[in-house]
J.: 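Take a look at the following structure, please.
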Number of protein chains: 2
Amino acid sequence: MPLHYVVKTRLIELVEELGEGAGLPPERVLAKDFGVSRWTMRQAIRELIADGRLRARQGQGTFVATPKIVQPLALVSYTEALRAQGHTPAREVVKFDEIAADDVLAGQLGIAPGDPVFELERVLFADEQPIGLETTYLSVKRFPTLREVLDPTVSLYRCLTDQLGVVFGEGEELLETVIASPREAELLKATQQLPMLLLHRQTRDADGRPIEVVRSLYRGDRVGFRATLRP
Amino acid sequence: MPLHYVVKTRLIELVEELGEGAGLPPERVLAKDFGVSRWTMRQAIRELIADGRLRARQGQGTFVATPKIVQPLALVSYTEALRAQGHTPAREVVKFDEIAADDVLAGQLGIAPGDPVFELERVLFADEQPIGLETTYLSVKRFPTLREVLDPTVSLYRCLTDQLGVVFGEGEELLETVIASPREAELLKATQQLPMLLLHRQTRDADGRPIEVVRSLYRGDRVGFRATLRP
DNA sequence: AAGTGGTCTAGACCACTCC
DNA sequence: GAGTGGTCTAGACCACTTG
């Protein structure tokens, strides 16, 4: 039985004694109290952070985390899904560029390689904390007025359906765990080495024409997903 | 930019040069070649393992991994889903006990606390490699003949539908990332600290009566999920 | 300026696999 | 026995936050 796991088990007891949001003693103190090296203590803390039970902030300390947010794995707007659970959604546009589609993206969007594509990158917030980074690709030729029509504070989903008359059909989602790049980790205010949930979505309209390709990176320590199964 | 990320980036180039399944030089040699400490090299390797690009085996070495297996996030049998993608499924029963339901489990299964429950724990294999650990809970009173009827080499799903006449209705799945316990990691032949995908499933029959509660732990480095979205 | 978490080094020992 | 990855130590320095 690895030492850091013994430490983790004892830390969990401590976490449960302290309340939600409570601060833990500094790593160096904890390590001394438990009679282990700081590295071993950090292993244990890192696991608890990945499990969503602790939250560390540089320069401040380590705190008992709040429960994960559960999002529906369905074709609904981020805003509405979060509101339905009593959280406050927000988003911040990081990038809104036009790029040339490479072969893969062109195939996914049903356009020619080199055609212009909107690349919209937004950080998703819940209760003022960053929980996801969403990059959306849409054909410029298909949605030429998007830049004027899109209100960054409003759902893209709502904008497409209400203002541009898009009717969503079937979509496909791929879900896996990854480790974020430093840039992604920074945008999500997460530490390195934190497991993330990567969600790759392709949606089509009722006629089967591609609408968007979305790459969503969610903090694995803050978010979970719910899916409803049909027989 | 953290040093281990620079190392990771350069390692990716090396991984792509070498073929799938190829062996890497030992950590100590790589560290020396890259001019970093072994710890920093291990950080980089650990990230690539979590991303599913490398695979490490104690006493043997580190190798370039094969692509992840993608499973449907739907109410179909594990066996059939894997076969459909050209993989060879297998399973191994680790535990088949009768336990007394605690309050939570009783509520989920629609029985009284203390009622007997089958606890069936199986390791799932794909192409002879362990990729998941599935723990299923079923009411003993509802399926009294399960022990005699269940063939461990055959799908539980198939056994329930074909031999016990169960008709599956709607189900609900929760999905999140966790870090495996040492016992779970050992059963999955995975190293510590590896991000896992935890899938918690509750299924009901056509009349809405609970059938089973399942806790599936999949290796995040080996498995991804696919979901089909309906408007 | 002091204290916090984040990164990194050098080195040790252990557990496992293969010869 | 030799070589591999896995765990752990002690200590250093950096980046960030707060007073």
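Below, all heavy atoms of this structure are taken into account, side chains as well, without hydrogens, waters or symmetry copies. Every chain is numbered from 1, with letters handed out A, B, ... down the list of sequences. Remember, it's a predicted structure, so these values are computed and weren't measured experimentally.
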J.: Taking the minimum atom-to-atom distance to the side chain of B/Arg38, which one of C/dT4, C/dC8, D/dT7 wins?
T.: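 Of all the options, the side chain of B/Arg38 is nearest to D/dT7.
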J.: Does A/Arg91 count as lying over the ring of A/Phe125, i.e. NZ or CZ under 6.0 Å from the six-ring centre, within 45 degrees of the axis?
T.: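 That pair does not qualify as a cation-pi contact.
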J.: To the nearest Å, how far apart are A/Lys32 NZ and C/dG3 P?
T.: 14 Å
J.: Between B/Glu134 and B/Arg215, is there a side-chain N and carboxylate O pair less than 4.0 Å apart?
T.: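 No.
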J.: Check the distance between D/dA10's P and A/Leu3's CG and give it to me in whole angstrom.
T.: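 The answer, rounded to whole Å, is 11 Å.
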J.: Could you tell me the separation between the CE atom of A/Met1 and the P atom of C/dC14, rounded to a whole number of Å?
T.: 19 Å
J.: Find the distance A/Glu186:CD to D/dC16:C1' and express it as a whole number of Å.
T.: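 In whole Å, D/dC16 C1' lies 13 Å from A/Glu186 CD.
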J.: Counting side-chain heavy atoms from C-beta on, which of C/dT9, D/dT9, C/dC13 comes nearest to B/Trp39?
T.: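 Among C/dT9, D/dT9, C/dC13, the one nearest the side chain of B/Trp39 is C/dT9.
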J.: From CD of A/Glu27 over to P of C/dC8, roughly how many Å is that when rounded to an integer?
T.: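 Rounded to the whole Å, the gap is 15 Å.
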J.: Is there a side-chain contact (heavy atoms from CB on, under 4.5 Å) between B/Leu24 and B/Leu11? Walk through the geometry before answering.
T.: CA-CA 10 Å; B/Leu24 268 71; B/Leu11 262 184; 4.2 Å; yes
J.: Using the closest heavy atom to pick a nucleotide of DNA chain D for each, name whichever of A/Gln58 or A/Ser37 lands nearer the 5' end.
T.: A/Ser37
J.: According to a strict under-4.0 Å criterion, is B/Thr62 in side-chain N/O contact with OP1 or OP2 of D/dG5?
T.: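 Answer yes for this pair, as a side-chain N or O of B/Thr62 is under 4.0 Å from OP1 or OP2.
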J.: Does OP1 or OP2 of C/dC18 have a side-chain N or O of B/Gln60 closer than 4.0 Å?
T.: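 So the side chain of B/Gln60 is within the cut-off, an N or O lying under 4.0 Å from OP1 or OP2 of C/dC18.
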J.: May I have the distance from A/Leu194 (atom CG) to C/dG5 (atom P), rounded to whole angstrom?
T.: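 My rounded result for the distance is 16 Å.
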J.: For residues A/Tyr137 and A/Phe118, establish whether the separation of their ring centroids is below 6.0 Å.
T.: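 So the answer is no for these two rings.
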J.: Check whether the ring centres of A/Tyr78 and A/Tyr157 lie less than 6.0 Å apart, and answer yes or no.
T.: no
J.: Please report, rounded to the nearest Å, how far the P atom of D/dT7 is from the CD atom of A/Gln43.
T.: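 So the CD-P distance, A/Gln43 to D/dT7, works out to 8 Å.
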J.: Tell me whether the OP1 or OP2 atom of C/dG6 has a side-chain N or O from A/Arg42 closer than 4.0 Å.
T.: yes
J.: Whole angstroms only, please: what is the CZ-C1' distance between B/Arg46 and C/dG6?
T.: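 In whole Å, C/dG6 C1' lies 14 Å from B/Arg46 CZ.
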